[in-house]
Amino acid sequence: MKTINVNIKDVLSFVPEAQIEALDSAAADGLEKLHNASGEGNDFLGWLDLPTRTPAALLDDIVATAQSLRNDCEVVVAIGIGGSYLGAKAVIEALSDTFAAYRGTAPAVLFAGQNIGEDYLYELQDYLKDKKFGIIVISKSGTTTEPAIAFRLLKAQLEAQMGKAEASRRIVAITDAKRGALRQLATEEGYKTFVIDDNVGGRFSVLSPVGLLPIAVAGYDIKALMQGAIDMENATKEHSKDNITEIYAKTRNALYNAGKKIEILVNYNPKLHYFSEWWKQLYGESEGKDQKGIFPASVDNSTDLHSMGQWIQDGERTIFETVISVEEQAHSVIIPSDDANLDGLNYIAGRHVDEVNKMAELGTRIAHIDGGVPNMQITIPALKEEYLGQLIYFFEKACGISGYILGVNPFNQPGVEDYKRNMFALLEKPGYEEATAAIKARI
Ligand code: PA5
């Protein structure tokens, strides 16, 4: 079986191996805290064995529900934000034909509720007005403002276009088993529902119905995705020098301790843009607390070599890079020969485009190492469901271990509430009268 791989050799000239290995017992301790549920945030460890404990019957139900939405709808809108959005978006983008939407071949999955853009929502509603569409509304709390606004708008539109009974058949809600406004609404309206377990936090929920249903609607094999995650779950249970989740967690913490405060996740495949967005949320919300934490950033190369390349090569030396290398491409494009050769490209005629991309990757890695940027490399055999399942579980588990090495609770996100309190106060939400008075006095 092919598998993802982590290589830290291009870190060792910046941080000696001994400094990484000095964190070995902290990594072992972090792993044990996860498996014994003895660390902070231990009530949010449901993701840890989610791949192996998800019943086949649940996967079958998700696949059947996705098929019924695909049969009935030209377009399905997945409504959610943060952990209720990014995982599905990341996997769908990684697996999709970049131009599928223009070909109009499959029921497209569109997203809403991940912003409060008035023009975005206007344009979405306008696009949907002559479409047969369905909705997957995803909110663990059931009370998040962004998806609630989008759902209110699209539910009203669907009911106006289809009638209430048919609209209800085309809406699936994914939320808490009992609590929250969305659960109540789903019960009253008779929507098909899936449950987000109490002990699975948003950013760790992609391998639950939260991510799996939109991914299945987009036409991808969620059983293969889960099998990849099962393989990684089984491969990373034991403390060992070869446990790649521990290697990644130790190395990034050793770099952080050596003053490398920013980690840039680098890809050379435009399909991985949203995978980086998912990763940034996973690590940013898990580790950025108590005035600590590596700042997770990302670039899409070679595009960003023409914007951020200068900074990375030559700016403040507080960064390190983690490069995701995709070994095999799905398609083959050969650079043609040209008799006139006015562009001077005949020296690469007959070669695959990916060969050029791989040389851009290697050349950049060497230049950045020479420029003082430690480099880790994560190799993924191909952009296929099973390897993405491996990669997702790998990053989730490494995140838990890394957070414990850092000394934070990786599973809460207290800082996310602050903007909400201010927004509600400014909008004069009932119950926020005192906060409204206080914030208005400041502006
Ligand atoms: O990771 C998290 O917990 C957050 O990003 C949430 O997923 C996000 O705030 C959305 O919350 P909810 O699913 O409750 O609407």
Side-chain angles (χ1 to χ4, degrees), residues 40-48 50 77-91 111-117 121 135-155 171-186 191 193-215 274-289 293 296 392-393 395-400 402-403 408-424 429:
E40 271 195 286
N42 56 5
D43 44 348
F44 280 100
L45 291 174
W47 57 272
L48 190 64
L50 198 54
V77 184
I79 298 177
I81 194 166
S84 293
Y85 153 66
L86 282 164
K89 178 80 175 167
V91 173
F111 292 87
Q114 81 282 35
N115 61 47
I116 329 178
L121 286 165
I135 300 172
I136 304 169
V137 53
I138 309 166
S139 178
K140 185 176 179 187
S141 63
T143 56
T144 308
T145 307
E146 291 90 337
I149 291 171
F151 185 52
R152 182 181 275 216
L153 285 165
L154 295 187
K155 171 180 183 288
I171 296 174
V172 180
I174 307 179
T175 189
D176 186 85
K178 296 197 186 84
R179 286 171 304 200
L182 182 57
R183 169 55 59 185
Q184 198 184 339
L185 190 65
Y191 301 150
T193 62
F194 289 97
V195 170
I196 310 175
D197 293 341
D198 262 352
N199 60 357
V200 177
R203 60 188 173 275
F204 289 86
S205 68
V206 53
L207 299 173
S208 78
V210 169
L212 297 179
L213 182 61
I215 292 166
Y274 276 96
F275 199 89
S276 296
E277 297 302 310
W278 170 82
W279 171 87
K280 284 195 280 195
Q281 190 213 359
L282 181 64
Y283 279 79
E285 272 192 6
S286 299
E287 294 194 320
K289 50 197 69 154
I392 287 167
Y393 188 85
F395 274 129
E396 288 182 349
K397 188 156 196 178
C399 185
S402 184
V408 299
N409 173 355
F411 305 114
N412 64 3
Q413 55 284 328
V416 178
E417 297 310 311
D418 292 7
Y419 97 90
K420 292 185 192 167
R421 193 178 49 246
N422 286 348
M423 178 177 73
F424 293 148
K429 185 174 177 174

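It should be emphasised that the depicted structure is a prediction, and the values quoted were computed from it without experimental measurement. In each ligand, atom 1 is the first atom listed, and ligand 1 is the first ligand listed.
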With a 6.0 Å cut-off on ring centres, are F111 and Y85 close enough?
-> yes
Please examine the side chains of E285 and V416, heavy atoms only from C-beta on, and report whether any two atoms are closer than 4.5 Å.
-> yes
Near ligand 1, which residues have a heavy atom under 4.0 Å away from one of its atoms?
-> I81, G82, G83, S84, S139, K140, S141, T144, G202, R203, Q281, E285, Q413
Note, N199 side chain near L45 side chain (heavy atom, < 4.5 Å) = no
I392 side chain near V91 side chain, heavy-atom distance below 4.5 Å | yes
For residues Y191 and V137, determine if any side-chain heavy atom of one lies less than 4.5 Å from a side-chain heavy atom of the other.
-> no
Backbone N or O of A177 within a donor-acceptor pair of the R183 side chain at under 3.5 Å?
-> yes
